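Heads up: the structure comes next, in structure tokens.
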Amino acid sequence: MLMPVSDPKFAQPARRNLLVPVLLAFLILGIVLALLLRFTPHRTADLNIVRTTIYPTHTVFKSDSIIVANQHTEDALYVLTTLRIDDRLHLPLFLKDFTATLTTAEGEEITTSAVEKPDLENVYTSFPALKPLASEPLLRDTMISPGQSAEGMILLHFPVTKEVWDHRRTAVLNIDLYHQGQQGVLIGRGSEVIPNAASTPAPASSPTN
């Protein structure tokens with residue numbers, strides 16, 4: 001005679017409710033993100049143009065040759081702009097290079113590199129009235145410590161007349177950083193200070209053959 005045998009039953013652990021751990025994980029993640037947004041700067045550095053002085057030049061190149069029309073002229077513009085940089089990171093900033101792009105009223109873009117430190121004296125010798133307008137330069141390879149700032153003059157040279165500069169669309173100063181890429185700041189008209197010495201083009205001459 002066969003006796004009915006019931007199916008074996010194994011004890012199973014109670015299912016854990018995963019909702020609470022998941023919600024807790026999202027809460028912790030949200031707090032971490034909020035702290036990162038709170039204490040991480042949105043910009044690498046704050047750039048501010050303190051003031052800008054323009055100095056137009058008119059150079060006459062003369063030749064000793066007896067050929068007719070033995071001279072030609074050249075108009076150019078020096079832009080002395082003072083920049084302040086504030087380091088907003090928790091790391092130091094290292095300044096690599098300074099360039100600027102001028103966009104004329106016709107839409108032409110002219111890019112120039114700032115005058116190097118060894119060349120400043122040569123420029124001042126060629127245009128003596130430029131030196132009194134200059135201030136302490138902001139140099140390449142300058143290091144700015146976290147939370148600190150640096151300020152100095154950047155000398156730019158554009159092969160344009162003062163009229164072209166005055167009617168420009170934009171002029172942007174670009175600062176290349178060694179580890180954080182490039183940032184730009186607008187050289188606004190409101191920063192311009194035009195002293196009497198720079199109100200008229202400065203004549204100069206240089207012999208050529």
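Keep in mind the model is a prediction, meaning the values are calculated, not measured. Below, each value reflects all heavy atoms present in this structure, side chains not excepted, and no hydrogens, waters or symmetry copies.
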>> So which atom in Val172 and which in Gly184 form the shortest heavy-atom distance, rounded to 0.1 Å?
In response: CG1-CA, 4.2 Å
> How about Phe98 and Asn174: do any of their side-chain heavy atoms sit closer than 4.5 Å?
Replying inline: no
> So, for Pro128 and Pro132, which heavy atoms are closest and what is the spacing to 0.1 Å?
Replying inline: O-CD, 3.2 Å
>> Working note: Ile144 + Leu95, criterion side chain to side chain contact (heavy atoms under 4.5 Å, CB included); need CA distance, chi angles, decisive distance, verdict.
In response: CA-CA 8 Å; Ile144 307 175; Leu95 307 183; 4.2 Å; yes
> Has the side chain of Thr111 got a donor or acceptor atom that lies under 3.5 Å from a matching backbone atom of Thr101?
Replying inline: no
>> Can you list everything that forms a side chain to side chain contact (heavy atoms under 4.5 Å, CB included) with Ala171? Sequence neighbours excluded, please.
In response: Leu102, Trp165, Arg168, Ile187
> Taking all non-hydrogen atoms of both residues, which atom of Ser149 and which atom of Asp86 are closest, and how far apart?
Replying inline: CB-OD1, 2.9 Å
>> With salt bridge (charged side-chain N to carboxylate O under 4.0 Å, His left out) as the rule and sequence neighbours excluded, what pairs involving residues 143-153 come up?
In response: Arg84-Glu151
> Among all residues two or more places apart in sequence or in another chain, which pass the side chain to side chain contact (heavy atoms under 4.5 Å, CB included) test with Ala134?
Replying inline: Leu80, Tyr124, Met153
>> I'd like to check the salt bridge (Lys or Arg N to Asp or Glu O under 4.0 Å) partners of Asp97; sequence neighbours left out, ordered by chain and number.
In response: Arg140
>> Please identify which of these residues, Leu133, Thr53, Ile54, Leu130, meets the side chain to side chain contact (heavy atoms under 4.5 Å, CB included) condition with Tyr78.
In response: Leu130
>> Under 3.5 Å, is there a donor on one side chain and an acceptor on the other for Thr99 and Ser113?
In response: no
> Is it the case that more than 12 heavy atoms not belonging to Gln182 sit under 6.0 Å from its CD atom?
Replying inline: yes
> Does the side chain to side chain contact (heavy atoms under 4.5 Å, CB included) test come out yes or no for Val193 and Thr52, once each step is laid out?
Replying inline: CA-CA 6 Å; Val193 177; Thr52 300; over 6 Å; no
>> Contact between Leu77 and Tyr55 at the side-chain level, heavy atoms closer than 4.5 Å - yes or no?
In response: no
> Between Thr103 and Gly107, is there a donor-acceptor pair closer than 3.5 Å when you use the side chain of the first and the backbone of the second?
Replying inline: no
>> Any carboxylate oxygen within less than 4.0 angstrom of a Lys/Arg side-chain nitrogen, looking at Arg169 and Glu106?
In response: no
> Is there a side-chain contact between Ile85 and Asp46 (heavy atoms, below 4.5 Å)?
Replying inline: no
>> Starting from Val50 and following side-chain heavy-atom contacts under 4.5 Å between hydrophobic residues (I, L, V, M, F, W, Y), which residues can be reached?
In response: none
> Mind checking what makes side chain to side chain contact (heavy atoms under 4.5 Å, CB included) contact with Tyr178, not counting sequence neighbours?
Replying inline: Phe94, Lys96, Asp141
> Of all heavy-atom pairs between Ala114 and Ile154, which one has the smallest distance, and what is that distance?
Replying inline: CB-CG2, 3.5 Å
> For the residue pair Ala45 and Leu93, what are the closest heavy atoms and their distance?
Replying inline: CB-CD1, 3.6 Å
>> Quick one about Asp87 and Gln148 (side-chain donor to acceptor, distance below 3.5 Å, no hydrogens or angles considered), yes or no?
In response: no
> Where do Ile49 and Leu186 come nearest, in terms of heavy atoms and distance?
Replying inline: CG1-O, 3.7 Å
